[in-house]
Amino acid sequence: MDLKLKGKNGLVFGGSKGIGNGIANALAAEGVAVALVARTQGPLEAAASKINSSGGHAIGLTADLADWPSVEKAVNSARRELGPIDILINNSGGPPPSGVLGVKPEVWEAQFQAMVLVLFRITEMLLPEMRSRGFGRVLTVASSSVVEPIPSIGVSNTLRSAIVGWAKTLAGEVARDGVTVNTLLPGLIATDRALSLARTHAQRAGISEEESIRRPGTPAEFGAVAAFLASPLAAYVTGSLIRIDGGSIRSV
């Protein structure tokens with residue numbers, strides 16, 4: 001299927017590995033020029049080189065979501081090198097495992113800045129151009145925990161839920177301009193962080209890793225869904241929570 005994405009430009013945070021890299025590869029395969037943003041130069045260069053050697057177009061830009069000046073610089077570099085950004089993939093890391101009792105205020109504040117507020121600011125930077133051109137896609141990677149909270153990641157449960165409310169509200173504000181806003185909810189995708197959390201859960205629950213992990217999804221499978229939602233073919237999908245979880249969430 002031709003997703004009609006050739007010639008579009010995408011900006012993918014966390015694009016050097018895991019879910020972000022799966023999305024970047026899927027977009028590049030459809031003809032999207034992608035700017036990959038991550039903290040570490042080596043993995044970025046390797047990820048961009050792999051896309052370029054396969055006939056795609058990718059650049060790597062270093063930034064830390066906890067450091068706004070570096071993020072702003074990366075966004076502006078992507079626009080300068082690729083042109084106006086059509087597709088934004090908001091993808092932030094998660095905090096260390098914890099509950100919510102006893103979390104210090106300064107931890108809440110720092111994690112809100114790095115996981116939530118920074119995504120709002122990035123989106124605000126890019127929306128004016130998207131709206132003026134009549135096309136834009138904002139996809140934010142959250143977690144299945146916004147539907148079914150996971151006890152071991154209480155800070156993440158809380159803050160990612162704030163993103164859901166923001167994205168739903170924003171979708172209604174920009175829909176008339178041809179911009180869609182959707183939130184992607186990964187279940188257990190085979191990334192280092194997700195598999196580590198699953199192993200920790202297995203140990204605490206007294207079950208085997210096989211029982212806890214079973215069949216994880218792959219970054220490529222996740223990326224394929226994201227690429228469709230980023231395409232003109234998904235123009236009537238907005239303000240939605242898209243579960244990419246293998247059916248692990250048991251609610252309807």
Side-chain angles (χ1 to χ4, degrees), residues 11-15 17-23 37-39 63-66 68 71 88-124 137-173 180-198 200-201 216-217 219 222-223 225-226 229-230 237-251:
L11 178 59
V12 183
F13 282 85
K17 60 183 181 179
I19 285 174
N21 188 245
I23 296 173
V37 184
R39 286 178 295 183
D64 184 341
L65 289 177
W68 175 249
V71 173
L88 169 61
I89 307 299
N90 282 322
N91 179 32
S92 65
S98 75
V100 293
L101 283 174
V103 176
K104 295 182 179 179
E106 56 267 30
V107 172
W108 283 113
E109 183 175 359
Q111 291 298 332
F112 178 78
Q113 294 282 343
M115 289 178 60
V116 181
L117 184 59
V118 67
L119 305 186
F120 299 173
R121 296 181 72 178
I122 293 165
T123 305
E124 288 277 358
R137 297 290 183 264
V138 178
L139 298 177
T140 301
V141 179
S143 169
S144 61
S145 69
V146 304
V147 176
E148 186 176 305
I150 300 170
S152 62
I153 54 171
V155 174
S156 180
N157 294 341
T158 304
L159 297 182
R160 294 202 194 279
S161 294
I163 292 171
V164 171
W166 164 80
K168 181 66 174 179
T169 306
L170 178 62
E173 294 180 0
T180 65
V181 183
N182 289 293
T183 306
L184 310 182
L185 307 184
L188 180 59
I189 306 297
T191 66
D192 292 341
R193 173 177 165 81
L195 294 177
S196 175
L197 288 172
T200 299
H201 169 73
F222 195 98
V225 178
L229 292 169
V237 181
T238 194
S240 295
L241 298 178
I242 311 298
R243 302 178 181 185
I244 311 171
D245 69 340
S248 62
I249 296 174
R250 298 313 300 160
S251 64

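Values reported hereafter were calculated over all heavy atoms of this structure, with side chains retained and with hydrogens, waters and symmetry mates removed. The first residue in the sequence is number 1, and the count goes up from there.
Residues satisfying the side-chain contact (heavy atoms from CB on, under 4.5 Å) criterion with S248, sequence neighbours excluded, are D245. Here S143 pairs with S145 under the side chain to side chain donor-acceptor pair (under 3.5 Å) rule; sequence neighbours left out. For the side-chain contact (heavy atoms from CB on, under 4.5 Å) test, residues two or more places apart in sequence or in another chain that qualify with V103 are S98, V107, W108, V155. In this structure, the side-chain contact (heavy atoms from CB on, under 4.5 Å) partners of D64, at least two apart in sequence or on a different chain, are R39, A66, D67, S70.
Side-chain atoms of K17 and P219, non-hydrogen and from C-beta on, never get closer than 4.5 Å to each other. Between V71 and L65 there is a side-chain heavy-atom pair separated by less than 4.5 Å. With a 4.5 Å cut-off on side-chain heavy atoms, P186 and V141 count as touching.
In terms of heavy-atom proximity, N182 sits nearest to S240 at OD1-N, 3.0 Å. Residues A142 and T183 share a closest heavy-atom pair of CB-CG2, 3.7 Å. Nearest approach of I249 to S144, heavy atoms of both residues: CD1-CB, 3.6 Å. The two residues P149 and P151 have their closest heavy-atom pair at O-CD, 3.7 Å. Pairing each heavy atom of V147 with each of S251, the nearest pair is CG1-OG, 3.7 Å.
Note that the CG atom of L184 and the CG atom of L229 stand 6.0 Å from one another [nearest 0.5 Å]. Here I242 contributes atom CD1 and T140 contributes atom OG1; the two are 12.0 Å apart, rounded to the nearest 0.5 Å. To the nearest 0.5 angstrom, I150 atom CD1 is 10.0 Å from R160 atom CZ. With values rounded to the nearest 0.5 angstrom, I23 atom CD1 is found 7.0 Å from L139 atom CG.
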Using a 3.5 Å cut-off and no angle test, enumerate the donor-acceptor pairs between side-chain atoms of residues 161-170 and protein atoms at least two apart in sequence or in another chain.
from, atom 1, to, atom 2, distance (Å)
S161, OG, N157, O, 2.8
K168, NZ, G239, O, 3.1
T169, OG1, G165, O, 2.8

Would you be so kind as to tabulate the donor-acceptor pairs closer than 3.5 Å made by side chains of residues 113-124, with sequence neighbours excluded?
from, atom 1, to, atom 2, distance (Å)
T123, OG1, N90, ND2, 3.1
T123, OG1, L119, O, 2.8

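Judged purely by atom type and a 3.5 angstrom limit, N91 uses its side chain to pair as donor or acceptor with the backbone of F13. In terms of modelled atom types and a separation under 3.5 Å, the side chain of T238 and the main chain of V181 share a donor-acceptor contact.
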